[in-house]
Amino acid sequence: MISAICNTKIYDSEMTNVVFDEQGIIYLGNDISKFKVDKMIDGTNLFVYPGFYDSHMHLVSYGFYLSNLDLKDAKCFEDIYRLISIRKDVDKYRWIIARGFNDDKLAEKRMPTKSELDAICSDKPVCLTRCCGHIMVCNSKALEMAGFEHDIDEIGYKVHMDSGIVEENAIETVKAAWPIPSIKEISDYILLACSKCHEYGITACSSDDFISITSEYDEVLEAFEKLAYQQKLTLRVNEQCHFNNIEDYARFLDEGYTYDVGDDLFRIGPLKLIMDGSLGARTALLSKKYHDDKTTSGIKNISNKELEQYMILAQRYNMPFAIHVIGDKALDIVLDTYDKVKIEGNILPNGLVHVQITRPEQLQRIIDNKLHCYIQSIFIDYDGTIVKDRVGNLADTSYAFKTLYENTNVSNGSDCPVEMPDVIKGIACAVTRKDFNGDCLNKDEALSVKQAIDSFTINGYKTSLENDDKGKIEVGFKADFVLLDQDLENIDPNEIINTKVKMTIFNGEVVYENI
């Protein structure tokens with residue numbers, strides 16, 4: 001079927017019409033009279049952009065938490081307890097699993113505790129994951145089901161029995177005790193998340209999913225491959241491959257998987273590693289003690305030796321890495337290790353995810369190594385309100401998105417479900433650098449509107465070898481579009497946040513419409 005969007009304004013083009021089918025864009029111009037168009041979309045007062053690319057998210061986790069308890073709107077403990085109380089009496093829920101609360105935004109300004117959860121529900125296991133995903137609070141039943149009997153304080157693995165707080169890698173032990181989802185259930189989570197992403201104009205993503213809700217990667221991999229084979233995926237997914245241990249990674253490689261294996265809908269992307277935690281939970285690894293908590297400098301999740309082994313194995317099998325680094329000490333460790341093992345002339349798009357707390361000399365090392373940076377400008381909305389308190393003067397050289405954008409490869413994302421995959425909000429934060437209080441964070445590091453748009457479109461595809469027919473509106477490119485109600489480049493930057501997604505088109509088919 002041939003479709004056309006007519007009488008519109010097209011990003012990076014002087015033309016007013018675009019003709020396309022399921023194979024891609026056929027024509028870009030001002031006269032479509034020579035085409036027999038089956039479906040005409042009136043683009044009057046609408047603005048057409050390439051479909052958005054979220055370059056770091058967790059698609060399976062997003063669908064999973066949409067299907068369980070979503071706490072992102074909780075304003076106080078009472079909101080959380082009310083949702084738990086409703087869920088605990090429903091027989092089909094053997095566990096009460098929730099995510100999304102932010103203790104900095106709760107009225108109580110703290111985490112709930114084990115005893116408080118026990119008072120609400122003691123006969124079913126309850127686990128509440130903070131919005132960042134790096135800290136969880138469990139009731140007594142959940143700790144018992146996970147097999148915890150005493151406090152644990154090891155590298156990247158912490159359990160506090162009195163409070164019920166579980167941090168970093170210890171969260172994976174709790175997840176391993178959850179009911180094992182079927183391939184069908186995982187597929188349903190993926191499709192639900194895809195549908196929600198369409199509402200934000202997203203047509204492609206890089207997603208970390210393998211052990212997000214399961215302890216083994218096999219089921220998630222099979223679910224994605226089946227959906228791609230059946231042509232049911234409505235996002236192009238580049239998988240950031242995260243494993244519990246290096247033995248699982250070696251098995252994955254032995255099975256014949258490596259970078260860019262896959263098809264047009266699902267492809268294997270980089271090896272994903274998590275070096276440290278999050279700024280909000282004070283588990284990001286800093287070079288100094290936290291400015292607002294002198295008892296900690298964060299958590300290191302991987303030993304130096306293990307990090308080096310992963311990097312060597314990845315290079316041997318022609319697979320780039322994407323390493324989660326938020327604290328500046330974590331970044332030091334990764335950069336030092338990379339300098340030790342890197343192969344000069346290697347063209348693989350090795351990269352860093354988040355790259356938040358940085359010192360000037362670290363930025364130069366990133367640039368010199370041409371490392372791809374997977375940033376989340378949407379984090380400025382919350383982090384801008386806490387970063388000075390958390391890290392002191394280090395805040396002055398952090399979230400250096402413009403410096404990185406202009407000197408190396410940068411793509412943008414949401415880390416959903418840490419934040420919702422709201423690309424418009426991400427663009428607004430990148431351009432205005434304003435947090436939710438209206439204060440600016442390092443205004444000199446603001447991106448231009450075009451830079452922000454490109455960070456959410458064409459730049460996402462720079463992490464894949466197969467990037468020559470996606471991310472632009474040109475003849476021969478895939479027919480992935482988002483239609484907005486405002487011209488982002490010609491409005492007051494403070495008005496970007498009010499822009500609405502009116503339609504999302506994937507592979508030539510309308511997958512979301514709000515006109």
Side-chain angles (χ1 to χ4, degrees), residues 51-74 83 87 90 92-101 127-134 136 171-172 174-176 178-242 262 265-267 269 272 376 378 413-423 501 504 506 511-512:
F52 293 141
Y53 189 122
D54 188 311
S55 74
H56 178 64
M57 66 182 307
H58 306 267
L59 205 61
V60 173
S61 282
Y62 187 28
F64 177 73
Y65 284 102
L66 287 171
S67 304
N68 281 276
L69 282 185
D70 182 357
L71 303 180
K72 72 177 183 298
D73 295 324
L83 291 171
R87 186 63 61 99
V90 180
K92 73 173 182 177
Y93 296 110
R94 291 176 284 162
W95 281 67
I96 298 176
I97 298 170
R99 177 172 175 169
F101 76 92
C127 49
L128 314 181
T129 304
R130 191 180 185 275
C131 57
C132 64
H134 290 265
M136 174 190 284
I171 293 173
E172 301 306 320
V174 180
K175 290 181 180 178
W178 289 353
I180 299 173
S182 66
I183 301 294
K184 171 67 164 56
E185 288 172 319
I186 296 171
S187 299
D188 287 345
Y189 299 146
I190 293 169
L191 294 177
L192 174 59
C194 288
S195 177
K196 294 298 289 186
C197 284
H198 297 153
E199 297 178 18
Y200 297 100
I202 295 169
T203 58
C205 68
S206 290
S207 188
D208 169 2
D209 302 292
F210 277 179
I211 55 172
S212 57
I213 65 168
T214 59
S215 58
E216 303 289 342
Y217 68 82
D218 307 79
E219 292 87 356
V220 172
L221 178 58
E222 183 178 346
F224 271 116
E225 289 183 325
K226 282 186 174 180
L227 289 173
Y229 176 75
Q230 295 166 351
Q231 297 288 296
K232 291 181 179 179
L233 270 182
T234 53
L235 289 183
R236 305 185 194 281
V237 179
N238 193 43
E239 184 65 28
Q240 296 175 335
C241 305
H242 185 205
L265 295 179
F266 179 74
R267 305 184 75 81
K272 172 69 186 304
Q376 291 74 44
I378 197 170
S414 64
D415 203 11
C416 176
V418 175
E419 293 280 354
M420 291 300 97
D422 189 340
V423 174
V501 173
T504 304
F506 175 77
V511 291
Y512 172 74

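Bear in mind the structure is a predicted one, so any value in this text is a computation, not a measurement. Only heavy atoms go into these numbers, but all of them, side chains included; no hydrogens, no water, no symmetry mates. Index from 1, following the sequence.
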Who passes side chain to side chain donor-acceptor pair (under 3.5 Å) against E225, sequence neighbours left out? Y257
R236 and T203: side-chain contact (heavy atoms from CB on, under 4.5 Å), yes or no, with the steps? CA-CA 6 Å; R236 305 185 194 281; T203 58; 6.0 Å; no
R99: partners by side chain to side chain donor-acceptor pair (under 3.5 Å), with sequence neighbours left out: none
Please name all residues satisfying ring pair (Phe, Tyr, Trp, His ring centres under 6.0 Å) with F224, sequence neighbours left out, ordered by chain then number. F266
I want to check something: taking the side chain as every heavy atom from C-beta on, are I213 and K175 in contact at a cut-off of under 4.5 Å? no
Could you grab the distance from atom CG of L66 to atom SG of C416, nearest 0.5 Å is fine? 7.5 Å
Over all heavy atoms of both residues, which pair between V501 and H198 is shortest? Give the atoms and the distance, please. CG1-O, 4.3 Å
S195 side chain to L191 main-chain N or O, any donor-acceptor pair under 3.5 Å? no
Is the shortest heavy-atom distance from the side chain of C194 to the side chain of L59 under 4.5 Å? yes
Which pair of heavy atoms, one from I211 and one from E172, lies closest together, and at what distance? O-OE1, 3.4 Å
Evaluate the side-chain proximity of Y93 to L69: yes if any heavy-atom separation is below 4.5 Å, no if none is. no
Interatomic distance, E419 atom CD to D54 atom CG [nearest 0.5 angstrom]: 11.5 Å
Roughly how far, to the nearest 0.5 Å, is OG of S182 from CG of D188? 7.5 Å
Ring pair (Phe, Tyr, Trp, His ring centres under 6.0 Å) partners for H134, two or more places apart: H324
For S414 and Y200: C-alpha separation, side-chain torsions, deciding distance, then whether side-chain contact (heavy atoms from CB on, under 4.5 Å) applies. CA-CA 11 Å; S414 64; Y200 297 100; over 6 Å; no
Would you please name every residue forming a ring pair (Phe, Tyr, Trp, His ring centres under 6.0 Å) with Y62, sequence neighbours left out? none
Working to the nearest 0.5 angstrom, can you tell me the gap between C132 SG and D415 CG? 9.5 Å
Taking everything shown except I180 itself, do over 12 heavy atoms lie less than 6.0 Å from its CD1? no
Is Y512 close to T234 at the side-chain level, that is, under 4.5 Å between some pair of heavy atoms? no
Minimum heavy-atom distance between Q240 and S55, given as atom pair plus value: NE2-O, 3.3 Å
Closest heavy-atom pair, L192 versus G63, reported as atoms and distance to 0.1 Å, is CD2-O, 3.8 Å
Are the side chains of C197 and M57 in touch, meaning some heavy atoms are under 4.5 Å apart? yes
Residue pair P181 / F64, side-chain heavy-atom distance below 4.5 Å: no
Looking at K196, I'd like to know if its NZ atom is crowded, meaning that more than 12 non-hydrogen atoms belonging to other residues, nucleotides or ligands lie closer than 6.0 Å. no
A side-chain contact here means heavy atoms from C-beta on lying under 4.5 Å apart; do E239 and D209 qualify? yes
Start with the C-alpha distance between H56 and K272, add both sets of side-chain angles, then the distance that settles side-chain contact (heavy atoms from CB on, under 4.5 Å), and finish with yes or no. CA-CA 11 Å; H56 178 64; K272 172 69 186 304; 3.4 Å; yes
For the residue pair V237 and S207, what are the closest heavy atoms and their distance? CG1-CB, 4.2 Å
Interatomic distance, L227 atom CG to K232 atom NZ [nearest 0.5 angstrom]: 7.0 Å
Hey, does K72 have a side-chain heavy atom less than 4.5 Å from the side chain of C131? no
Where do I190 and L233 land on the side-chain contact (heavy atoms from CB on, under 4.5 Å) test, with the steps shown first? CA-CA 8 Å; I190 293 169; L233 270 182; 3.8 Å; yes
Let me confirm one number: the CE-OG1 distance from M136 to T129, rounded to the nearest 0.5 Å. 3.5 Å
Closest non-hydrogen atoms of A98 and L71, given as atom of the first, atom of the second and distance, are CB-CD1, 3.6 Å
Ring pair (Phe, Tyr, Trp, His ring centres under 6.0 Å) partners of Y217, counting only residues at least two apart: F210, F243, F252
